[in-house]
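First the structure, in the form of C-alpha cells, and then the observations on it.
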Number of protein chains: 2
Amino acid sequence: MGSEAVRPLVRTMSAQLTALVRSRIVSGAYAPGAALPQDALAAEFGVSKIPVREALLQLRAEGLVDVFAHRGFQVRSLTQDEAHEIFRLRLALEPQAIARGAQLAGQLERQSTGAAARELHQALEEGRREDAGDLNGAFHLALVVPARQRLTAEVLQRLLTLAQRYVRLHLQPTGRASRARREHEALLAAWMAGDAAGAEALASAHIRATYEDLIQVFGAHAERT
Amino acid sequence: MGSEAVRPLVRTMSAQLTALVRSRIVSGAYAPGAALPQDALAAEFGVSKIPVREALLQLRAEGLVDVFAHRGFQVRSLTQDEAHEIFRLRLALEPQAIARGAQLAGQLERQSTGAAARELHQALEEGRREDAGDLNGAFHLALVVPARQRLTAEVLQRLLTLAQRYVRLHLQPTGRASRARREHEALLAAWMAGDAAGAEALASAHIRATYEDLIQVFGAHAERT
DNA sequence: TGCAGTTATATCGTATACGATATAAGCACA
DNA sequence: TGTGCTTATATCGTATACGATATAACTGCA
C-alpha cells in the first residue's frame, strides 16, 4: 500500500519516511492523538526536519495526521463518524470501480491480482496479522486496475489505508478471517471471469459485511460506556 | 475553495502559496504540462524554496501537479480518461452526500448555503467568469455540510477542483450558465426543504448534464483531430 | 489565594547553504 | 558524420541555522 503511483520515487528520504510513519500509524505504533514532534522524529531517523515535515504533510493529505499551525502534527484520532464516512465512501466507489476493473483487466493485471490474493491468504494462514492490512488493501486495489483508473485508485487507496486502523482495532479479535477469505475467493472468481456485475455485487456485499461487523462493535462499545 | 478545513492555517507561507499556485493552475495561468521550477517560483514570490516545495507537494496530493524525483514538478496534463474518472466519482459520491447534507443541515448551514448560491449567481450575472469556478465549487460543497461530513467533503472538494479545469476549458463558450442556474435553483429548493431524495435526484441530474456536455465536446474534438 | 499580565522556553516555519542527481554539452573515436 | 562516453551545468533534495509563534512558567496585584 505504500506505493507511489508512477515512478519509484522511493529514492528520496521524504518518500521513505512517509512510508515508515504511515505504517507506524496504521499499525498503532503511533497511537491516535499522539504528538509527532519534528525534531524528535528527525533525530530518531537521523535526518533533518525537512524530509520529516514533507512526510507529515503528505500523511496529512492522506487523512492520517492532523496539523495545527505553530503547534505541530499529531496522529489523527479515531471517531465513529469517520468510520461511517470511510465505509459509506467505499461502498459508493469500490464496487463500481471493481466492476470496471473486471472489464479493463488484461492478462498481466489478472496475474498480479491473483498473486496479491495468494500473498494475502498465505499471510493469514501463517498468522502474519501485521501484514494482513496492507496485503488486503493491495488485493482490493489490484481489483480496480490502478493503471487504468488512476484517480479512482488514488482515492480508494486512501480510503483503504484509513479503514485499516478501524479494522485492526475493532475486528482483529473476531473470527472474520475465514469468512473474509471465502468472500475474497468468490469475488476473485467472478472478477477473473470478467463478470463485472457479479464482481460488483460480491464486492458490495463484502464491504458491507465488514462495515456491519464494525457497527456492531461500536454498538457494543457504546453499551459498555 | 481554498479553504483549509479546521483552523485558519492560512497564516503560514506554505498555505498561502498553495492557494495561490492552485488558483493559477485552475485558471490556466499555469498551463497543463508547464514546468514549475522551485527556484524560479521562490524568487518570484520572494520566499525560499521550502514553502514552495511544501505547496507543490500539497498540490500533488490534490492531483493538480505531477512530480518526478530529481526532475521537478509540472502542472498535470488534462486527459479524457481523467475527466471521465472525475465525473464518474462525482456521480457516485456527490448526490448521496448532498442528500445526507439536506438531512444534516441546521439553520446555520442553510443560511451559508443560501449565501453561497447568491454569491455564485451574482458573479455569473456580473460576468465575473474567473470567479465562477470557485464559487460553483463552494456552493456544491456547502450542500454537503462539510462540518458534518469531513472526509466526504475533503474528497469532493478535490474532485470539484479537478473538474474546474475541464469545465473552464471546454464548457466556457457554450451557453450553459442559464441552464445551470435553473438546475441550481431547483436543487437548492429541494435541499432547503429537507427533501433528501429530491435533492439527490436533482444533484445527480445536474452533474450528469455537465458530464454529458463535456463528453459531447470531447466527441466534437475527436472529429476535428 | 486567585487571576491578569508578563516573561521565558520549546517548538515550529522558513532562509541560507551545500552535496546529489539527472540532463545537456563536449569530446574522442569509429 | 554519427555514436558512445566523459565532463559540465542546472536543478533538485536535504542539512544547518535562525527568527517567529504559541504555550507554559512566573510575577505582581487584587
Side-chain angles (χ1 to χ4, degrees), chain A residues 2-22 24-25 30-62 64-77, chain B residues 2-22 24-25 30-62 64-77:
Chain A
S3 68
E4 300 288 342
V6 189
R7 280 212 183 193
L9 167 97
V10 181
R11 305 178 123 175
T12 153
M13 197 55 69
S14 302
Q16 295 181 47
L17 292 177
T18 303
L20 178 57
V21 176
R22 185 196 292 119
R24 292 202 181 175
I25 292 174
Y30 293 155
L36 297 166
Q38 305 173 17
D39 291 343
L41 291 175
E44 179 183 345
F45 300 137
V47 298
S48 82
K49 302 183 343 183
I50 291 181
V52 171
R53 277 183 64 81
E54 291 188 356
L56 293 174
L57 289 168
Q58 168 66 27
L59 295 174
R60 162 175 163 278
E62 295 180 16
L64 287 170
V65 158
D66 285 319
V67 61
F68 306 97
H70 297 286
R71 300 200 313 143
F73 296 82
Q74 60 181 62
V75 180
R76 183 170 289 183
S77 299
Chain B
S3 69
E4 299 287 342
V6 189
R7 281 212 181 192
L9 168 94
V10 181
R11 305 175 126 177
T12 152
M13 197 54 70
S14 301
Q16 294 181 46
L17 292 176
T18 303
L20 178 57
V21 176
R22 184 195 293 119
R24 292 203 180 174
I25 291 174
Y30 292 156
L36 298 166
Q38 306 173 17
D39 292 342
L41 292 174
E44 178 183 346
F45 300 136
V47 298
S48 80
K49 302 183 343 183
I50 291 181
V52 171
R53 276 183 65 83
E54 292 188 355
L56 293 174
L57 289 169
Q58 168 66 26
L59 295 174
R60 164 175 162 277
E62 294 180 16
L64 288 170
V65 158
D66 285 320
V67 60
F68 306 97
H70 297 285
R71 299 199 313 143
F73 296 82
Q74 60 181 63
V75 180
R76 183 170 291 184
S77 299

Output the rounded distance in Å from [atom1] ([X]) to [atom2] ([N]).
X       : N      : atom1 : atom2 : value
B/Gln74 : D/dT11 : CD    : P     : 15 Å
A/Leu56 : C/dG13 : CG    : C1'   : 14 Å
A/Phe68 : C/dG13 : CZ    : P     : 12 Å

Considering all heavy atoms of both residues, which atom of B/Val65 and which atom of B/Leu56 are nearest to each other, and what is their separation?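 Heavy atoms only, the tightest pair is CG1-O, 4.1 Å.
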Contact summary for A/Val52 and A/Leu41, nearest pair of heavy atoms: CG1-CB, 4.0 Å
Going by side-chain hydrogen bond (donor to acceptor under 3.5 Å, both in side chains), name the pairs with one or both residues in residues 41-57 of chain A, residues two or more places apart or in two chains. A/Ser14-A/Glu54, A/Arg24-A/Glu44, A/Arg53-B/Glu54, A/Glu54-B/Arg53
With sequence neighbours excluded, what pairs up with B/Ser77 under the side-chain contact (heavy atoms from CB on, under 4.5 Å) test? none
Which value, rounded to the nearest 0.5 Å, describes the distance between A/Arg11 atom CZ and A/Gln16 atom CD? 11.0 Å
If only side-chain N and O atoms count, and only distance matters, is there a donor-acceptor pair under 3.5 Å linking B/Arg60 with A/Gln58?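 Judged by distance alone, the side chains do pair up.
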From the set D/dG13, C/dT23, D/dT21, return the single nucleotide nearest to any side-chain atom of A/His70. D/dT21
Between the protein and nucleotides 14-17 of chain C, which nitrogen or oxygen pairs are less than 3.5 angstrom apart?
{"unit_1": "C/dT14", "atom_1": "OP1", "unit_2": "B/Thr12", "atom_2": "OG1", "d": "3.1"}
{"unit_1": "C/dT14", "atom_1": "OP1", "unit_2": "B/Met13", "atom_2": "N", "d": "2.4"}
{"unit_1": "C/dT14", "atom_1": "OP2", "unit_2": "B/Thr12", "atom_2": "OG1", "d": "3.3"}
{"unit_1": "C/dT14", "atom_1": "OP2", "unit_2": "B/Ser14", "atom_2": "OG", "d": "3.0"}
{"unit_1": "C/dA15", "atom_1": "OP2", "unit_2": "B/Ser48", "atom_2": "N", "d": "2.5"}
{"unit_1": "C/dA15", "atom_1": "OP2", "unit_2": "B/Ser48", "atom_2": "OG", "d": "2.5"}

